[in-house]
Enquirer: 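If you scroll down you'll find the structure; I have some questions about it.
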Amino acid sequence: MRSFVYLTILLATTVLAQNPTTSIASPSNSSVWGNAFDYWIQAPTGWDLTRSQLYGSSANSTKVIPVNGKNSPLIIDTQRSALVIIDMQNFFLHPAVQASSVGRDVVPATLNMIDAFRANGMKVLWTNWGLDEFDLRTMPPAFLRGFGNTPETTFGSQMGVINGTDWGRKLMRGSFNAQPWGPLHDQQVQGVNQGTDLYFNKNRLSGLWGAQTPLGLYLQENDITTLFFGGVNADQCVFGTMIDAYFKGYDVIYVEDIAATTSPLFATQMVVFNIGGDGWTANSTSIVPALK
């Protein structure tokens, strides 16, 4: 598949020198956004994100997904779409350390999305804080201050034993506090073992910051183009990863009812407003039935 894609792009370069859209056939009353390297087709009835003339999408791999607002629906290719779940970890969700239930409240809808994506052969990409010693040595002071009241309580500090469980060092790889919370952990372990899911550590709010990250490398090497996002906190790590995905050219869909934040309401409103312009917002209650 990758050799086919590279050959298509190579052949397209001569056409692009003349007119960047002449090689893209589109239905009447529709518009092509982009060129032969990367494009969407906008029709009066919605947006085609499959890039079918570049990747060779088939009818069996396409789904029509309702989204919020007038730019609905989307046509996606399940072979190049994935669900990105951000930071649904004990540190942020467990009631022993997090009194607010907002993150836990979106877990049932998240589990429904996971099942629907797996049933369609779409990858579930768990993207969580997971630091190592090198990360601690190179962590900027601004981030250290954001995760501790003192230098002794920031990243890598011992969280101790809570309710009989050793929570380990704060947001370090392999620690209990860095594991997905409750039923999400069971699903993550099962999915990784069965090959339906992948797990990526991150060392900044965004899972796609900088030149390259483990998540970014996977997306690039597997020709993933369309990303659905959920997790916590919506206005911080979720938004940070989404906006970097947008900057890097991915299609971004923010799934409102599988994301949450402890920040004030206006923070969520900012996310919805901005991603509604940079991509789309949607709800699992519409997406899950569309994937059946």
Enquirer: Is a side-chain N or O of Thr154 found less than 3.5 angstrom from the main chain of Leu144, in a donor-acceptor match?
Expert: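 Between the backbone of Leu144 and the side chain of Thr154 there is a qualifying donor-acceptor contact (under 3.5 Å).
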Enquirer: Name each donor-acceptor pair under 3.5 Å that joins a side chain in residues 206-217 to protein atoms two or more places apart or in another chain, with its distance.
Expert:
| from | atom 1 | to | atom 2 | distance (Å) |
| --- | --- | --- | --- | --- |
| Ser206 | OG | Leu208 | N | 2.9 |
| Ser206 | OG | Trp209 | N | 3.3 |
| Ser206 | OG | Gly240 | O | 3.4 |
| Ser206 | OG | Asp244 | OD2 | 2.6 |
| Trp209 | NE1 | Asn203 | OD1 | 2.9 |
| Gln212 | OE1 | Leu217 | N | 3.0 |
| Gln212 | NE2 | Gln220 | OE1 | 3.2 |
| Thr213 | OG1 | Gly207 | O | 2.7 |
| Thr213 | OG1 | Gly216 | N | 3.1 |

Enquirer: Strictly below 4.0 Å, N to O, side chains only: are Glu133 and Arg169 in salt-bridge contact?
Expert: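 Salt bridge present between Glu133 and Arg169.
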Enquirer: Do we see a donor-acceptor contact under 3.5 Å between the side chains of Asn112 and Ser284?
Expert: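 Checked: Asn112/Ser284 side chains show no N/O donor-acceptor pair below 3.5 Å.
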Enquirer: Are any of the side-chain nitrogens in Arg80 or Asp223 under 4.0 Å away from the carboxylate oxygens of its partner?
Expert: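 Here Arg80 does not pair with Asp223 in a salt bridge, since their nearest N and O are not under 4.0 Å apart.
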Enquirer: Going by atom types alone, do Thr153 and Thr150 pair a side-chain donor with an acceptor below 3.5 Å?
Expert: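 Short answer, yes.
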Enquirer: Please examine the side chains of Leu136 and Met172, heavy atoms only from C-beta on, and report whether any two atoms are closer than 4.5 Å.
Expert: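 Answer yes - side chains close enough.
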Enquirer: Using the rule given for side-chain contact (heavy atoms from CB on, under 4.5 Å), can you reason through Val67 versus Thr281, listing the C-alpha separation, both sets of side-chain angles and the distance that settles it, and then say yes or no?
Expert: CA-CA 6 Å; Val67 292; Thr281 64; over 6 Å; no
Enquirer: What do the steps show when you test Thr110 against Gln187 for side chain to side chain donor-acceptor pair (under 3.5 Å), and what is the final call?
Expert: CA-CA 11 Å; Thr110 302; Gln187 285 294 311; over 6 Å; no
Enquirer: Just wondering, more than 12 heavy atoms not from Asn193 lying within 6.0 Å of its CG?
Expert: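 Correct, the count exceeds 12.
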Enquirer: Let me see the working for Thr78 and Asn120 under side chain to side chain donor-acceptor pair (under 3.5 Å), right down to the final yes or no.
Expert: CA-CA 7 Å; Thr78 58; Asn120 284 272; 5.7 Å; no
Enquirer: Assess the residue pair Trp181 and Gln89 against the criterion (side-chain contact (heavy atoms from CB on, under 4.5 Å)); give the C-alpha distance rounded to whole Å, side-chain angles, the decisive distance to 0.1 Å, and a yes or no.
Expert: CA-CA 5 Å; Trp181 175 74; Gln89 298 167 273; over 6 Å; no
Enquirer: Is the closest side-chain heavy-atom distance between Trp47 and Ile75 below 4.5 Å?
Expert: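 When only atoms from C-beta onward are counted, Ile75 and Trp47 do not touch, as no gap falls below 4.5 Å.
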Enquirer: If I compare all heavy atoms of Arg118 with all of Gly191, which pair ends up nearest, and what's the gap?
Expert: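 The pair with the smallest heavy-atom distance is NH2-CA, 3.5 Å.
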Enquirer: Ignoring hydrogens, what is the shortest heavy-atom contact between Ala282 and Ile287? Give both atom names and the distance.
Expert: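 Closest approach of Ala282 to Ile287, heavy atoms only: CB-CD1, 3.8 Å.
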Enquirer: Do the ring planes of Trp129 and Phe155 sit parallel (below 30°), tilted (30 to 60°) or perpendicular (above 60°)?
Expert: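 Judged by the thresholds at 30° and 60°, the geometry between Trp129 and Phe155 is tilted.
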Enquirer: What closest approach, in Å, do Gly230 and Val238 show between heavy atoms, and which atom pair accounts for it?
Expert: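 What the structure gives for the nearest pair is O-CG2, 4.0 Å.
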Enquirer: Under 30°, 30 to 60°, or over 60°: which ring-plane class applies to His94 and Trp167, parallel, tilted or perpendicular?
Expert: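 If you compare the ring of His94 with that of Trp167, the planes turn out perpendicular.
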Enquirer: Does a side-chain heavy-atom distance below 4.5 Å link Ile224 with Gln79?
Expert: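 Result no, sub-4.5 Å side-chain heavy-atom pair not found.
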Enquirer: Any donor-acceptor pair under 3.5 Å linking the side chain of Gln98 with the backbone of Leu93?
Expert: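 Side chain of Gln98 to backbone of Leu93: no pair is present.
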Enquirer: What I'd like to find out is whether the side chain of Asn201 reaches to under 4.5 Å of the side chain of Tyr199, using heavy atoms alone.
Expert: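 They are in contact (side-chain heavy atoms under 4.5 Å apart), so the answer is yes.
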Enquirer: Find out whether Met113 and Pro108 are in side-chain contact, i.e. whether some heavy atom of one side chain is under 4.5 Å from a heavy atom of the other.
Expert: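 The answer is no, as the side chains (C-beta and beyond) never meet within the 4.5 Å cut-off.
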Enquirer: Please say which of Asn128, Thr241, Asp87 ends up in a side chain to side chain donor-acceptor pair (under 3.5 Å) with Lys202.
Expert: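 Filter result, single survivor: Asp87.
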Enquirer: Run Ile114 and Leu83 through side-chain contact (heavy atoms from CB on, under 4.5 Å) and show every step you take.
Expert: CA-CA 8 Å; Ile114 290 170; Leu83 173 63; 4.1 Å; yes
Enquirer: Under the side chain to side chain donor-acceptor pair (under 3.5 Å) rule, what do Trp280 and Asn68 come out as? Steps first, then yes or no, please.
Expert: CA-CA 7 Å; Trp280 293 270; Asn68 300 330; over 6 Å; no
Enquirer: For the residue pair Phe176 and Asp166, establish whether any side-chain heavy-atom pair is separated by less than 4.5 Å.
Expert: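 When only atoms from C-beta onward are counted, Asp166 and Phe176 do not touch, as no gap falls below 4.5 Å.
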Enquirer: Looking only at non-hydrogen atoms, find the nearest pair between Leu291 and Lys63 and report the distance.
Expert: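 The answer is O-NZ, 3.6 Å.
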Enquirer: Cationic tip of Arg51 within the cone over Tyr39's six-membered ring, i.e. under 6.0 Å and within 45° of the normal?
Expert: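 So Arg51 doesn't make the cation-pi contact.
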Enquirer: Check whether the side chains of Ser61 and Asp77 place a donor and an acceptor atom closer than 3.5 Å, and report yes or no.
Expert: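 The criterion, which ignores hydrogens and geometry beyond distance, is satisfied for Asp77 and Ser61.
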Enquirer: Step by step, would you call Tyr55 with Thr225 a side-chain contact (heavy atoms from CB on, under 4.5 Å)?
Expert: CA-CA 11 Å; Tyr55 292 102; Thr225 57; 3.9 Å; yes
Enquirer: Working to the nearest 0.5 Å, report the span between CG of Leu171 and CG of Leu131.
Expert: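 These two atoms lie 6.0 Å from each other.
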Enquirer: Is there side-chain contact between Ile253 and Leu74, with heavy atoms separated by less than 4.5 Å?
Expert: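 Result yes, sub-4.5 Å side-chain heavy-atom pair found.
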Enquirer: Measuring from Ser263:OG to Met270:CE, what's the distance to the nearest 0.5 Å?
Expert: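 The OG atom of Ser263 sits 8.5 Å away from the CE atom of Met270.
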Enquirer: For the residue pair Asp251 and Thr226, confirm or rule out a side-chain donor-acceptor distance under 3.5 Å.
Expert: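 Yes.
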Enquirer: State, to 0.1 Å, how close Leu227 and Ala245 come at their nearest heavy-atom pair, and which atoms those are.
Expert: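 For Leu227 versus Ala245, the nearest heavy atoms are CD1-CB, 4.1 Å.
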Enquirer: Does a donor on one side chain and an acceptor on the other come within less than 3.5 Å for Thr165 and Asn163?
Expert: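 No pair is found: no donor N or O on one side chain lies under 3.5 Å from an acceptor on the other.
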Enquirer: Is there a side-chain contact between Asn233 and Thr262 (heavy atoms, below 4.5 Å)?
Expert: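 Yes, at least one pair of side-chain atoms sits under 4.5 Å.
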Enquirer: Could you tell me how the ring of Phe147 sits relative to the ring of Phe92: parallel (under 30°), tilted (30 to 60°) or perpendicular (over 60°)?
Expert: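 Rings of Phe147 and Phe92: perpendicular, over 60°.
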Enquirer: Quick check: closest heavy atoms across Met88 and Gly231, and the distance to 0.1 Å?
Expert: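 What the structure gives for the nearest pair is SD-CA, 3.7 Å.
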Enquirer: Given the rule in the side chain to side chain donor-acceptor pair (under 3.5 Å) test, do Asp48 and Thr50 qualify, once you have shown the distances and angles that lead to the verdict?
Expert: CA-CA 6 Å; Asp48 182 348; Thr50 63; 2.6 Å; yes
Enquirer: Compute the ring centroids of Phe239 and Phe229, then answer whether they are less than 6.0 Å apart.
Expert: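 That pair fails the under 6.0 Å test.
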Enquirer: Answer with yes or no whether the side chains of Asn283 and Thr285 bring together a donor and an acceptor at under 3.5 Å.
Expert: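 Their side chains do not contain a donor-acceptor pair, so the 3.5 Å distance test is not met.
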